[in-house]
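Notes to accompany the following structure.
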Amino acid sequence: MIRHDFHLHTNNSNDSETPMAQMIERGIELGLSAMCFTEHMDMDFPRTETDTPSFEVDTDAYHAELCTLKEKYRKQINILFGVELGLQPQLVQRHKDYVDRYPFDFIIGSSHVAEGLDPFYPPYYEGRTEDEAYQAYFEDELNNIRLFNTYDIYGHLDYIVRYGPNKNQFYTYQKFSDIIDEILRELISRGKGIEVNTGGLKYGLGHPNPTEDIIKRYHELGGEIITIGSDAHIPQYVAYEFARVESILQQSGFRYYTVFENRKAEFIKL
C-alpha cells in the first residue's frame, strides 16, 4: 500500500475549509506513514471574477501550525512542510526569494495560470479551439520548466483537462505527444519529477492527472522521480484511490515511488 500522500490542502489555502488536524487524523485512520501539506502560493493570481480568492498562503502562520501538529502527532505519523507554487514567468526571482526563506521539505511546481489567465474560467478558451487552448497550456508549462528551478516535481501535468469545455472527452496523450514528450524530457534532464495526482479521479475524469499514458511515457524516457498526491481539500479524499495508483505505476514499469524530506528524495518500494 502507498502510505505517503504528498499533495494536501487545508484551510491555510483559500480553497479549503478543513483544519489541518482533521486531515492528519484521517491520514492516521488510513494508516499513512507520512503526509506532506502543500498549501497554495500563487503570486499574481488573476482576479478574473469578483469572488476569486487570493491563493497566497500566510506561510508564517501555516508553518507555525504545522510545527505544532508535527510534534503533537509525531508518534503516529510524520508531518512534512510543503508548498505548491503557482509558476508564472515573471515570478522567477520572487519564488527564489520566497523558497530561500523557509525550510520546506517538498515543493510542487504547478501551472494554475497560463498566459495570465486561469483555465478554470471561459475567457481562457475564447477565440480558439479546445485543442489550441490545451496546446498553449502545455507550451506555457514547458516555458516554466525552462525558467524555474525552485521545485522538486511538476504537479498535475495535464491539469487543464479538468476544466476545458469538454474536459478530457477528446483529449489524449497521443494528440499532444510532441509537446508532452518535450516537457517530460526537460524535467528529466533537470532532475525534476512528476506526480500522480488522483484529483482527476475525484473530478470524474476516469484517469489521474496526468493520464496513464503520460506516466508510462515518463518511465520510458528514463523518468524515476514520481510522487503520489491526492490533492485533497477535505478528509474524505485523503489518499484517494491510492490502490489504483499502485497498479498504474506497476503497469507503467515503476518499482518505486518517491517521497521527499528536507528537499531530498527517497525511493519507496511499491
Side-chain angles (χ1 to χ4, degrees), residues 7-18 38-59 62 82-92 94-95 98 107-148 150-151 153-171 176 179-180 183 194-195 197-205 207-211 214 229-234 237:
H7 193 148
L8 294 160
H9 298 282
T10 73
N11 58 5
N12 289 289
S13 293
N14 282 340
D15 55 356
S16 173
E17 297 180 355
T18 306
T38 53
E39 308 293 6
H40 288 295
M41 176 52 85
D42 274 79
M43 303 174 188
D44 288 358
F45 197 85
R47 306 302 290 268
T48 53
E49 302 287 337
T50 56
D51 61 347
T52 302
S54 166
F55 288 104
E56 294 190 26
V57 61
D58 180 340
T59 312
Y62 160 44
V83 69
E84 183 178 12
L85 294 178
L87 305 183
Q88 296 187 65
Q90 74 276 16
L91 298 175
V92 173
R94 288 171 66 187
H95 278 183
Y98 172 72
I107 300 175
I108 299 173
S110 291
S111 288
H112 297 130
V113 173
E115 301 176 332
L117 295 171
D118 180 357
F120 181 83
Y121 293 107
Y124 178 78
Y125 305 91
E126 291 175 359
R128 53 186 167 187
T129 67
E130 184 176 68
D131 283 356
E132 288 170 343
Y134 286 7
Q135 177 74 20
Y137 176 84
F138 288 129
E139 290 174 358
D140 197 84
E141 281 192 328
L142 181 59
N143 186 42
N144 285 334
I145 290 163
R146 289 170 171 163
L147 288 172
F148 286 91
T150 49
Y151 62 95
I153 63 97
Y154 218 94
H156 42 51
L157 203 67
D158 54 9
Y159 164 88
I160 191 171
V161 303
R162 295 181 185 178
Y163 306 115
N166 297 289
K167 298 188 182 297
N168 66 338
Q169 184 178 356
F170 305 112
Y171 161 75
F176 300 97
I179 184 70
I180 292 174
I183 287 170
I194 66 170
E195 73 168 346
N197 184 303
T198 60
L201 299 170
K202 177 183 70 177
Y203 284 102
L205 300 181
H207 304 276
N209 298 112
T211 63
I214 295 174
S230 64
D231 208 348
H233 292 64
I234 57 176
Y237 288 117

So how far is it from M43 CE to H95 NE2, rounded to the nearest 0.5 Å?
4.5 Å
Is the closest side-chain heavy-atom distance between D118 and H112 below 4.5 Å?
no
I need the E195 CD to I108 CD1 distance, nearest 0.5 Å.
5.0 Å
Between K167 (side chain) and V161 (backbone), is there a donor-acceptor pair under 3.5 Å?
no
Sequence neighbours excluded, the answer for side chain to side chain contact (heavy atoms under 4.5 Å, CB included) partners of D140 is A114, E115, N144
Checking Y125 side chain against P119 main chain: does a donor-acceptor pair fall under 3.5 Å?
yes
Looking only at atom types and distance, does a side-chain atom of N209 sit under 3.5 Å from a main-chain N or O of G200, one as donor and one as acceptor?
yes
Value rounded to 0.5 Å, distance of CZ in F55 from CZ in F45
5.0 Å
CD (E132) with more than 12 external heavy atoms under 6.0 Å
yes
Which pair of heavy atoms, one from I107 and one from T150, lies closest together, and at what distance?
CG2-O, 3.3 Å
For T198, enumerate each residue passing the side chain to side chain donor-acceptor pair (under 3.5 Å) test, keeping only those at least two apart in sequence or located in another chain.
none
Does some side-chain heavy atom of L117 sit less than 4.5 Å from a side-chain heavy atom of P46?
no
Report the residues that fulfil side chain to side chain contact (heavy atoms under 4.5 Å, CB included) with Q90, sequence neighbours left out, ordered by chain and then residue number.
D44, Q88
With a 3.5 Å cut-off and no angle check, do the side chains of Y154 and S111 form a donor-acceptor pair?
yes
Can you check side chain to side chain contact (heavy atoms under 4.5 Å, CB included) on V57 and S13, steps first, answer last?
CA-CA 6 Å; V57 61; S13 293; 5.5 Å; no
Would R146 and L142 count as a side chain to side chain contact (heavy atoms under 4.5 Å, CB included) if you check the C-alpha gap in whole Å, the side-chain angles of each, and the deciding distance to 0.1 Å?
CA-CA 6 Å; R146 289 170 171 163; L142 181 59; 3.7 Å; yes
Are the side chains of S230 and L8 in contact, using a 4.5 Å heavy-atom criterion?
yes
Of the non-hydrogen atoms in L157 and E141, which two are nearest, and what is the gap between them?
O-OE2, 2.8 Å
The reported gap from OH in Y137 to CD1 in I179 (rounded to nearest 0.5 angstrom) is 12.5 Å
So Y163 and Y203, would you call those rings parallel, tilted or perpendicular, with 30° and 60° as cut-offs?
perpendicular
Working to the nearest 0.5 Å, report the span between CG of D231 and CG of L201.
11.5 Å
Is the distance between the ring centroids of F120 and Y124 less than 6.0 Å?
no
Can you list the residues that meet the side chain to side chain contact (heavy atoms under 4.5 Å, CB included) rule with K202, with sequence neighbours excluded?
H233, Y237, Y240
Side chain to side chain contact (heavy atoms under 4.5 Å, CB included) partners of F170, counting only residues at least two apart:
E130, N166, K175
Show your reasoning for whether side chain to side chain contact (heavy atoms under 4.5 Å, CB included) applies to H9 and T38.
CA-CA 6 Å; H9 298 282; T38 53; 4.2 Å; yes
D158 and T211 have their tightest heavy-atom pair at OD2-N, 3.3 Å
Partners of N12 by side chain to side chain donor-acceptor pair (under 3.5 Å), sequence neighbours excluded?
T10, E65
Does H40 offer a backbone N or O that forms a donor-acceptor pair with the side chain of E84 under 3.5 Å?
no
Could you check S110 against Y151 for side chain to side chain donor-acceptor pair (under 3.5 Å), going step by step and ending with a plain yes or no?
CA-CA 9 Å; S110 291; Y151 62 95; over 6 Å; no
Using side chain to side chain contact (heavy atoms under 4.5 Å, CB included), reason through Y98 and V83 one step at a time and then give a plain yes or no.
CA-CA 11 Å; Y98 172 72; V83 69; 3.8 Å; yes
Mind telling me whether H7 and H156 have parallel, tilted or perpendicular rings, with 30° and 60° as the class edges?
tilted
To the nearest 0.5 Å, how far apart are CD1 in I183 and CD1 in I214?
8.0 Å
